[in-house]
Amino acid sequence: MKAAVISAPGTVEVSTVKDPTPGPREVVVSVAACGLCGTDLHILQGEFAPTLPVVPGHEFAGTVVATGSAVTELAEGDRVAVDPSLYCHECHYCRRGRNNLCERWAAIGVTTSGGAAEFAVAPVANCVKLPEHIRTEDAALIEPLSCAVRGYDILRSAQLGTRVLIYGSGTMGLMMLELAKRTGAAGVDVVDINPQRLATARTLGCSAAAGSADELDRPRGWDVVIDATGNAHAIQDALGRVGKGGTYLQFGVADYAARATIDPYRIYNQEITITGSMAVLHSYERAAELFAAGALDPEVFISDRLPLDRYAEALGRFRAGEGRKILVRP
């Protein structure tokens, strides 16, 4: 089969690899589409994945074409979206219900072969069957939505009527915007340096959109500030925008070397909470339900649908900040 392969830091190409075969409790999925994500850029840089080469792609959906000997829940022809999370269920954190912090954390498309290929293998437990009205390739959006749902789980203490500021209006920032609107925010402002992405945020109904938080009239700051960029400069600015008693959520994936400075006295004196959200935790099925209910419009969120042969180009466009969600289709 054809697959995109990251063979060394900075090197990716589409080549022929061995077809996957399912284990007893696994299925093989014919991939309809696979989304690109900031994590893929980190893997390309040599971060996250413990070993290379690896077939990336942790946001994907497709049709079951083969099942393992002990699979009864799914059959060939079923359309599914795949939760990429692979937990050991045995370590200290898994036993405490914090599986996303698993000491042996792994993920399809990060530590094992993923969906940037014609076929991918996944545990049957990780597959969510799609309702008839969902287009299979659009369901690649469920995985990033499940990360956003996890982010709002972290923010569950936020009260109704809060004012929210989101840094970044790429796919993840826009998803956080959509969820903020559904969780009782009084207003959601968005900051981005990309005018096209800001235009999309306005289309989705943000309260205000600007190239800098200085352009927004919030002298007391915001109740909730979310970084969805992973950019060190944006993070530093965002930390200073949290109002008294507010919460800062580090949602964007920063480079390992990124650093930001905090003011410990201000955190103490103003009772500011600084927290983070790591991947998916008990949120994939809920994201699938939200997606099926129309929480996201695929035509707004998906800007590009490119063939798998153009995977390297797709990564380059993503790195340059072009478009919104970019899908590759085998």
Side-chain angles (χ1 to χ4, degrees), residues 6 8-10 36-50 52 56 58 93 98 100-103 105 107 110-111 144 147-148 150-155 157-158 164-177 189-194 197-198 210-216 218 221-281 315-316 318-321:
I6 296 176
L36 271 64
C37 168
T39 298
D40 298 313
L41 294 180
H42 284 278
I43 295 171
L44 185 62
Q45 294 169 193
E47 299 177 344
F48 291 3
L52 296 176
H58 59 280
Y93 295 102
R98 301 296 299 274
N100 61 328
L101 305 180
C102 176
E103 292 173 340
W105 185 88
V110 180
T111 58
C147 294
R150 170 59 183 162
Y152 273 92
D153 285 347
I154 292 291
L155 292 171
S157 62
V164 179
L165 175 63
I166 299 172
Y167 279 70
S169 53
T171 302
M172 299 313 301
L174 295 175
M175 286 186 177
M176 297 302 269
L177 163 62
D189 301 330
V190 178
V191 170
D192 201 313
I193 60 174
N194 185 316
R197 289 183 169 179
L198 283 181
S212 167
D214 290 334
E215 301 173 36
L216 304 171
R218 293 296 299 173
W222 283 260
D223 303 306
V224 175
V225 177
I226 301 168
D227 172 70
T229 70
N231 178 276
H233 295 293
I235 292 167
Q236 189 67 69
D237 190 68
L239 285 165
R241 306 293 179 171
V242 185
K244 290 183 178 181
T247 299
Y248 172 83
L249 175 67
Q250 185 56 51
F251 183 72
V253 182
D255 290 341
Y256 286 179
R259 296 291 182 269
T261 301
I262 63 172
D263 183 343
Y265 179 80
R266 177 171 170 263
I267 294 169
Y268 146 76
N269 183 255
Q270 299 183 9
E271 293 192 346
I272 291 171
T273 299
I274 298 176
T275 188
S277 173
M278 164 58 184
V280 180
L281 180 65
L315 270 183
F318 181 81
R319 184 191 294 110

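For Ile43 against Ile6, the heavy-atom pair with the smallest separation is CG2-CD1, 3.7 Å. Nearest approach of Ser277 to Arg150, heavy atoms of both residues: OG-CG, 3.5 Å. In plain terms, the two heavy atoms of Val190 and Ser169 that are nearest each other are CG1-CB, 3.7 Å. In plain terms, the two heavy atoms of Ala228 and Gly168 that are nearest each other are CB-O, 4.4 Å. Taking both residues in full, the closest heavy atoms of Leu198 and Gly211 are given as CD1-N, 4.0 Å, listed atom of the first, atom of the second, then distance. Annotation for Ala213 and Leu165: closest pair CB-CD2, 4.4 Å, computed over non-hydrogen atoms.
Side-chain atoms of Glu103 never come within 3.5 Å of backbone atoms of Tyr93 as a donor-acceptor pair (strictly under, hydrogens ignored). Remark: the backbone N or O of Ala257 is not paired with any side-chain donor or acceptor of Asp255 at under 3.5 angstrom. Under the 3.5 Å distance criterion, the side-chain polar atoms of Asn194 are matched with a main-chain donor or acceptor of Gly321. Put simply, the side chain of Asn100 gets close to the backbone of Met278: a donor and an acceptor are under 3.5 Å apart.
Atom CD1 of Ile235 sits about 11.0 Å away from atom CZ of Arg259, to the nearest 0.5 Å. The line from CG of Asp237 to OG1 of Thr229 is 10.0 Å long, rounded to the nearest 0.5 Å. The line from CG of Asn231 to CD1 of Ile193 is 7.5 Å long, rounded to the nearest 0.5 Å. Between the CE atom of Met176 and the OH atom of Tyr167 there is a distance of 15.0 Å, given to the nearest 0.5 Å. Put simply, OH on Tyr248 and OG1 on Thr275 are 11.0 Å apart, with the number rounded to the nearest 0.5 Å. A distance of 3.5 Å separates CD1 in Ile226 from OH in Tyr152, rounded to the nearest 0.5 Å.
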Take Ile267 and Ile262 through the test side-chain contact (heavy atoms from CB on, under 4.5 Å) and record every step on the way to the result.
CA-CA 8 Å; Ile267 294 169; Ile262 63 172; 3.7 Å; yes
Any chance you could lay out the side-chain contact (heavy atoms from CB on, under 4.5 Å) test for His58 and Asp40, step after step, and finish with the verdict?
CA-CA 9 Å; His58 59 280; Asp40 298 313; 3.9 Å; yes
Does the side-chain contact (heavy atoms from CB on, under 4.5 Å) test come out yes or no for Trp105 and Val110, once each step is laid out?
CA-CA 10 Å; Trp105 185 88; Val110 180; 4.0 Å; yes
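Within 6.0 Å of atom CD1 in Ile274, more than 12 heavy atoms from other residues, nucleotides or ligands are found, so the atom counts as buried in its surroundings.
Within the structure, salt bridge (Lys or Arg N to Asp or Glu O under 4.0 Å) contacts touching residues 263-274 (residues at least two apart or in different chains) do not occur.
For the pairing with Trp222, the side chain to side chain contact (heavy atoms under 4.5 Å, CB included) check across Leu216, Thr247, Val164 returns one residue only, Leu216.
Here the side chains of Leu249 and Val224 are not in contact, with every heavy-atom distance at 4.5 Å or above.
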